[in-house]
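Structure, as structure tokens:
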Number of protein chains: 2
Amino acid sequence: MNRTASIKDVANHASVAVGTVSNVLNYPDRVSQRTKERVLKAIDELGFVRNDAARQLRAGHSRTVGLIVLDVGNPFFTSVVRAAEDAASVHGSAVLLGDSGHDAGREANYIDLFQEQRVQGLLISPVGDVTERLDLLRERGVPTVLVDRLADESRFSSVSVDDDAGGYLAARHLLDTGRRRLAFVGGPTSIRQVSDRLQGAQRAVKEEPDATLEVLTSEGMTVLAGRSVGNMLVERGPEHLPDGIFCANDLLALGVMQSLTMTHTFRIPEDVALIGYDDIDFAVSAVVPLSSIRQPTEALGRTAIELLTEEVESQNATHRAVVFTPELVVRQSTGKA
Amino acid sequence: MNRTASIKDVANHASVAVGTVSNVLNYPDRVSQRTKERVLKAIDELGFVRNDAARQLRAGHSRTVGLIVLDVGNPFFTSVVRAAEDAASVHGSAVLLGDSGHDAGREANYIDLFQEQRVQGLLISPVGDVTERLDLLRERGVPTVLVDRLADESRFSSVSVDDDAGGYLAARHLLDTGRRRLAFVGGPTSIRQVSDRLQGAQRAVKEEPDATLEVLTSEGMTVLAGRSVGNMLVERGPEHLPDGIFCANDLLALGVMQSLTMTHTFRIPEDVALIGYDDIDFAVSAVVPLSSIRQPTEALGRTAIELLTEEVESQNATHRAVVFTPELVVRQSTGKA
DNA sequence: GCGGATATTTGAATCGTTTCATTGGTACGA
DNA sequence: TCGTACCAATGAAACGATTCAAATATCCGC
């Protein structure tokens with residue numbers, strides 16, 4: 001048994017026509033119970049597996065959806081992927097996953113590959129500005145939904161999270177626990193997420209006349225960058241320390257926490273409250289469990305598939321941009337002073 | 001322009017035969033410069049994209065390889081995936097990625113999907129025992145390479161990492177820095193990786209007559225599990241503390257580190273040396289940068305693709321089990337006492 | 001300008017499905 | 001017994017590429 005069995009082999013083995021085998025597979029109701037059983041038995045005996053290439057060729061479209069993310073290692077995307085897979089499987093389609101790794105070349109490779117595969121549509125968290133490329137896709141009839149990026153609704157559908165609202169939420173929480181001398185840690189500000197979160201924080205601070213917000217620009221969004229900001233704060237001495245710190249992501253916050261707790265001059269949350277962003281797994285297991293802002297990743301993935309399905313089914317070119325609001329997760333690091 | 005252009009459209013537009021267009025795509029040398037230009041121009045003007053389903057149907061096999069991992073969020077697998085993708089692209093194939101999430105059902109879905117897609121072969125980091133299923137695949141002519149699992153060479157090729165050697169490496173390093181009262185933290189011991197690493201550590205300790213190894217079983221492999229082991233050690237008091245701790249992964253080690261440094265009764269590495277396993281990103285940015293054992297993930301991914309390619313090209317059923325040796329990464333946490 | 005060798009191009013056959021118009025059977029009421 | 005529905009099953013056409021034997025063009029030396 002060298003070659004894998006074809007539908008014709010099954011038909012012969014069950015003494016029926018190929019069309020009947022196809023019907024058993026795709027429209028079981030059209031086939032009588034008796035022949036159905038006979039065909040299924042033959043399928044089983046020959047170990048027949050449908051050749052998706054042939055099916056797709058005839059059908060004109062595939063049952064797969066392409067998903068290109070910036071980094072599969074990033075828990076944010078991992079969760080989005082998982083949700084998208086689950087949502088797609090409900091529709092009977094599967095997700096082909098591509099990891100661009102923030103590299104435009106890899107991204108382009110995946111776009112090409114998925115186009116050759118004739119995916120039903122594409123979900124993409126784009127590297128930089130690829131709108132021209134995506135315009136081309138749209139023209140060629142490949143529906144596309146942007147993920148984690150707000151799109152011009154006249155051209156694409158998109159799902160994204162409101163970073164301004166997240167920033168507001170974080171700062172408002174610090175204010176609500178009685179802090180007034182706030183600091184924002186993040187950088188570089190050229191990153192849209194950073195500037196949006198800062199903007200939201202500023203909006204919250206303006207609501208309290210006696211509150212101030214200091215901006216501490218970090219060099220990147222890593223633990224080490226957070227630690228150097230933290231060290232700088234420690235050197236300032238207690239009297240000049242903010243009493244509430246909002247970090248643009250959890251890694252930064254963990255770094256700041258390391259600096260502050262290592263010296264044992266300051267206590268979290270008694271002297272300084274600390275809140276991060278993303279709610280990574282490590283947040284809960286930090287030395288002082290870290291309050292954070294959680295992004296609704298499951299909803300992102302699920303909705304992305306839904307929007308795509310809408311576009312596939314209705315040919316009209318109306319797009320929707322769905323924006324989600326993140327959620328505050330309170331832990332010990334922002335407990336009462 | 002509703003339907004995407006086919007090779008026939010291109011042929012008409014360029015006034016050549018379809019065979020010629022195919023040759024331009026697949027055997028450019030067989031085509032004269034003049035016609036090649038004409039055809040390429042037509043391809044460009046029509047926005048032609050090859051239909052992979054048709055190609056595959058005729059060719060009998062695809063240019064894709066299936067890769068099913070236990071958890072794309074795990075940095076170990078992320079790195080393997082990345083390396084496999086790069087290695088595959090050298091061979092002109094692409095990787096279809098599936099995430100089983102340790103779920104046998106999802107795994108089965110992906111196996112079915114990939115089989116319908118007629119992937120060239122399958123790389124899989126299996127959930128539990130799926131050897132019967134994989135045997136079926138093999139019978140049907142889908143070459144399979146096991147990833148991160150040692151396989152019976154009579155049945156499959158595999159790539160894996162020698163956890164015993166890794167455990168030896170870690171314990172030997174602690175011994176080499178003068179520690180003698182060692183402790184191993186990990187659990188549950190039913191996990192093969194845990195028991196293998198412990199075994200390697202025991203082997204190293206036996207080499208030093210005056211050295212001892214205490215086994216501290218943890219409840220899981222998380223930061224919190226590590227912290228509770230750490231707290232237990234702190235309560236013992238300084239005189240009963242080990243002077244070198246080997247944790248079965250970095251998360252455990254970070255938890256232990258949190259406990260020991262929080263109390264400030266013990267210093268790392270002066271009082272206790274600490275080494276983890278996996279060399280996750282967080283290891284380098286821990287409060288005390290953590291020594292660890294790094295697994296050669298790039299080599300795993302690359303070699304997996306190579307073994308698969310071997311199986312695809314040579315029909316003979318000889319398999320190879322390649323075992324890699326991990327690597328010691330020394331950082332501050334195991335500095336001299 | 002010719003014969004032969006080589007380089008290009010042609011187009012029909014083929015892969016394994018799905019689709020659908022057609023055929024063959026069966027049941028039922030008149 | 002006939003006619004009418006209805007239900008199952010049939011099998012040829014179609015999808016869009018690749019392949020390959022055959023046809024044609026080009027080149028070379030004499």
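Model, not experiment: these values are computed from the prediction. Naming: A, B, ... by sequence-line order, numbering from 1 per chain.
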Assess the side chains of Q117(A) and S62(A): does a donor N or O sit below 3.5 Å from an acceptor N or O?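 Per modelled atom types, Q117(A) and S62(A) side chains form no pair under 3.5 Å.
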
Just to be sure I understand the rule, does V21(B) reach a base, reach only the sugar-phosphate, or reach nothing, if contact means heavy atoms closer than 4.0 Å?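 It contacts nothing in the nucleic acid.
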
From the options L300(B), I305(B), I68(B), select the one residue that forms a side-chain contact (heavy atoms from CB on, under 4.5 Å) with L123(B).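 Passing option: I305(B).
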
Worked verdict on R106(B) versus E85(A) for salt bridge (Lys or Arg N to Asp or Glu O under 4.0 Å): CA-CA 10 Å; R106(B) 293 179 73 111; E85(A) 285 178 341; 2.3 Å; yes

Which of these nucleotides, [options], is closest to any side-chain atom of [X]?
X: R55(A); options: dT18(C), dG16(D), dT9(C); value: dT18(C)
X: V16(A); options: dG16(C), dT10(D), dT17(C); value: dT10(D)
X: R50(B); options: dT18(C), dA17(D), dT10(C); value: dA17(D)
X: N51(A); options: dG16(D), dA17(D), dT17(C); value: dT17(C)

So does R320(B) have more than 12 non-hydrogen atoms from other groups sitting under 6.0 Å from CZ? no

Within 6.0 Å of CG in D281(A), more than 12 heavy atoms from elsewhere: no

Closest nucleotide of DNA chain C for L57(A) versus for Q33(B): which of these residues is on the 5' side?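 Nearest nucleotide further toward 5': that of Q33(B).
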
How many whole angstroms separate atom [atom1] of [X] from atom [atom2] of [N]?
X: I7(B); N: dT10(C); atom1: CD1; atom2: P; result: 13 Å
X: K8(B); N: dA14(D); atom1: NZ; atom2: P; result: 9 Å
X: Q117(B); N: dT17(C); atom1: CD; atom2: C1'; result: 15 Å
X: L25(A); N: dT19(C); atom1: CG; atom2: C1'; result: 14 Å

Test: [X] and [Y] ion pair at under 4.0 Å:
X: R302(A); Y: E298(A); answer: no
X: R140(A); Y: D135(A); answer: no
X: K36(B); Y: D29(B); answer: no

Residues which pass ring-ring contact (aromatic ring centres under 6.0 Å, His included) with F114(B), listed by chain and number, not counting sequence neighbours: Y110(B)

Please determine if a side-chain N or O atom of S32(A) lies less than 4.0 Å away from the OP1 or OP2 oxygen of dA9(D).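 For S32(A), the contact criterion (side-chain N or O under 4.0 Å from OP1 or OP2 of dA9(D)) is met.
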
Using five pairs at either end of the helix from dG1(C)-dC30(D) to dA30(C)-dT1(D), determine the angle between the two local helix axes and round it to 10 degrees. 40°

Just the atom pairs and distances: protein N or O near nucleotides 19-21 of chain D's N or O, under 3.5 Å.
| residue | atom | partner | partner atom | Å |
| --- | --- | --- | --- | --- |
| dT19(D) | OP2 | Y27(B) | OH | 3.1 |

